[in-house]
Amino acid sequence: MIVVKIGGSLITDKRRYRTFRRSAAEKIISVISGENPAIIVHGGGSFGHIASKRYELPGPLTERNAIGGALVKNDMADLNNRIVSILIRHGIRAVGISPFTLFNGDTMDYSPVTRTVKSGFVPVIYGDFYTDGKYGGIISGDDLMIEACRLEKPEKAIFLSDVDGVFDRDPKKYRNAKLISKYEKHELNFNTVKNDVTGGMDRKFRSMLQCRALGIKTYLINGNYPERMRDTGSENFMGTEF
Ligand code: ATP
Ligand code: IP8
């Protein structure tokens, strides 16, 4: 049993507002559906980050940016709906759950997620806007992966993004960046991504360490080659293992 996060950089074009990459999503989901997922998480990409940035979220709510929070919530529900529809077509009993509705004004209450798993369905949770009415927060799918690991104690936590793994520096900026196949306290450098309000690879890296610290085998894999998910633990594995 696995928990998996589909990165927003795979299923959307992060440079263009609300651009869905349907064929990439179909390809990834066709592999995930054979891997016994307990919980599926996805990121925001251009359905989440662009409007969040435009409306200065996360941050204190004002007359101006509260409407932005509603917009982000709606755009993310739309992206979630598209992912859930594809999952259902692939035979997964997927049920979208918005973290906005899990927030109880103080913390996130994940009991609807555990109840969904217990009833034999697969929760599909995602980076989302949430609020207590005063502050507009943005929860990242990377943080939700830590919770998914705590709740379900899966055999593996798989993070899918648009790079071959964690490199010593951003492979999109430095052609000679080195892939870290097995992370052992290497010195790393992270480049912040434009249009990203949740901290990019730096945040993801820290979330992956936390999943590992819970005793879960954790991997970062290039979701443009989702079949690599099947090779975790083997000699042929291409990606980063924690
Ligand atoms: P989202 O947050 O929308 O769900 P995502 O989870 O797919 O997206 P990003 O936050 O976009 O992932 O992070 C992936 C990006 O991180 C890569 O495209 C890469 O350019 C960048 N990056 C920066 N530093 C590094 C590094 N040291 N190793 C690997 N990737 C890096
Ligand atoms: O892309 C952030 O989630 P992430 C979602 O997983 C929003 O970091 C709404 C920006």
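Ligands are counted one by one from 1 in listed order, and the atoms in each one are counted from 1 as well.
Residue Ile67 places its CD1 atom among 12 or fewer non-hydrogen atoms of other residues, nucleotides or ligands, all under 6.0 Å distant. Counted within 6.0 Å of OH on Tyr174, heavy atoms from surrounding residues, nucleotides or ligands total 12 or fewer; the atom is thus considered open.
Remark: distances from the non-hydrogen atoms of Leu188 to ligand 1 are all 4.0 Å or more.
The two atoms that bring Pro171 and Val163 nearest to each other are CG-CG1, 3.7 Å, heavy atoms only. The shortest non-hydrogen separation linking Ile2 to Val4 is CD1-CB, 4.1 Å.
For the pair Phe167 and ligand 1, the shortest N or O to N or O distance falls below 3.5 Å. The shortest N or O to N or O distance between Asp168 and ligand 1 is not below 3.5 Å. Geometrically, ligand 2 and Ser140 share a nitrogen or oxygen pair separated by less than 3.5 Å. Between Asp162 and ligand 1, at least one N/O pair is under 3.5 Å apart. On a distance-only criterion, Leu10 and ligand 1 share no N/O pair closer than 3.5 Å. In terms of polar-atom proximity, Ser52 is not counted as a contact of ligand 2, lacking any N or O under 3.5 Å from an N or O of the ligand. An N or O contact shorter than 3.5 Å is missing between Gly127 and ligand 2 by distance.
The residue among Arg203, Lys5, His49 with a heavy atom at the shortest distance from atom 2 (C) of ligand 2 is His49. Taking each of Met145, Lys14, His42 in turn, the one with a heavy atom nearest to atom 2 (O) of ligand 1 proves to be Lys14. Closest heavy-atom approach to atom 10 (C) of ligand 2 among the candidates Ser46, Gly137, Gly48, Pro58: Gly48. Here atom 12 (O) of ligand 1 lies nearest to Ser161 when heavy atoms of Gly45, Gly223, Gly200, Ser161 are compared. When the heavy-atom distances from atom 16 (O) of ligand 1 to Lys173, Arg169, Lys204, Met201 are ranked, the shortest goes to Met201.
Under a 4.0 Å criterion applied to the non-hydrogen atoms of Gly7, ligand 1 contributes the atoms 4 (O), 5 (P), 6 (O), 7 (O). Distances below 4.0 Å separate heavy atoms of Asp196 from the following atoms of ligand 1: 2 (O), 10 (O). Within ligand 1, the atoms closer than 4.0 Å to a non-hydrogen atom of Gly8 are 1 (P), 3 (O), 4 (O), 5 (P), 7 (O), 8 (O), numbered from 1 in the order shown. Listed by atom number, the atoms of ligand 1 under 4.0 Å from Asn191 heavy atoms are 23 (C), 24 (N). Below 4.0 Å from some heavy atom of Gly141 lie the following atoms of ligand 2, by number and element: 3 (O), 4 (P), 6 (O). Short contacts between ligand 2 and Gly43, defined as distances under 4.0 Å to a heavy atom of the residue, involve ligand atoms 1 (O), 4 (P), 6 (O). Heavy-atom proximity to His49, at under 4.0 Å, picks out these atoms of ligand 1: 2 (O), 3 (O). Atoms of ligand 1 found under 4.0 Å from any heavy atom of Gly165 (numbered from 1 in listed order, with element): 29 (C).
Protein heavy atom nearest atom 7 (C) of ligand 2, with residue, atom name and distance: Ile138 CG2, 3.6 Å. Here the protein heavy atom with the shortest distance to atom 7 (O) of ligand 1 is Ser9 OG, 2.5 Å. The single protein non-hydrogen atom nearest to atom 8 (O) of ligand 2 is Thr198 OG1, 2.5 Å, given as residue, atom name and distance.
Checked for salt-bridge contact, Lys14 and Asp196 meet the test: a charged N lies under 4.0 Å from a carboxylate O. A salt bridge is defined here as a Lys NZ or Arg NE, NH1 or NH2 lying under 4.0 Å from an Asp or Glu carboxylate O, and Arg15 with Asp13 meets this definition. Salt-bridge formation is detected for the pair Arg150/Glu147: a Lys NZ or Arg NE/NH1/NH2 atom is positioned less than 4.0 Å from an Asp or Glu carboxylate oxygen. Ion pair Arg206/Asp142 not flagged as a salt bridge, since none of the NZ, NE, NH1 or NH2 atoms sits closer than 4.0 Å to an Asp/Glu carboxylate oxygen.
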Evaluation steps, side chain to side chain contact (heavy atoms under 4.5 Å, CB included), between Phe129 and Phe100: CA-CA 6 Å; Phe129 167 76; Phe100 178 93; 3.9 Å; yes

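When side chains are defined from C-beta on, Leu188 counts as touching Tyr183, because their heavy atoms get closer than 4.5 Å. Counting heavy atoms from C-beta on, the side chains of Ile32 and Leu160 come closer than 4.5 Å.
A cation-pi arrangement, defined by a distance under 6.0 Å to the six-membered ring centre and an angle within 45 degrees of its axis, is absent between Arg212 and Phe242. Cation-pi check for Arg22 over Phe20 is not met; the charged atom does not lie both under 6.0 angstrom from the ring centroid and within 45 degrees of its normal. Cation-pi check for Arg54 over Tyr17 is met; the charged atom lies under 6.0 angstrom from the ring centroid and within 45 degrees of its normal.
When non-hydrogen atoms are compared, ligand 1 lies under 4.0 Å from the backbone of Asn189 (N, CA, C, O) but not from its side chain. Heavy atoms from both the backbone and the side chain of Asp170 come within less than 4.0 Å of ligand 1. The proximity of Val72 to ligand 2, defined as any non-hydrogen pair under 4.0 Å, is limited to the side chain. When heavy-atom distances to ligand 1 are checked against a 4.0 Å cut-off, Pro171 comes that close only through its side chain, counted from C-beta outward.
Checked against a 6.0 Å centroid threshold, the rings of Phe159 and Tyr219 do not count as neighbours.
Residue pairs meeting the salt bridge (charged side-chain N to carboxylate O under 4.0 Å, His left out) criterion with at least one member in residues 175-189, sequence neighbours excluded: Lys182-Glu241.
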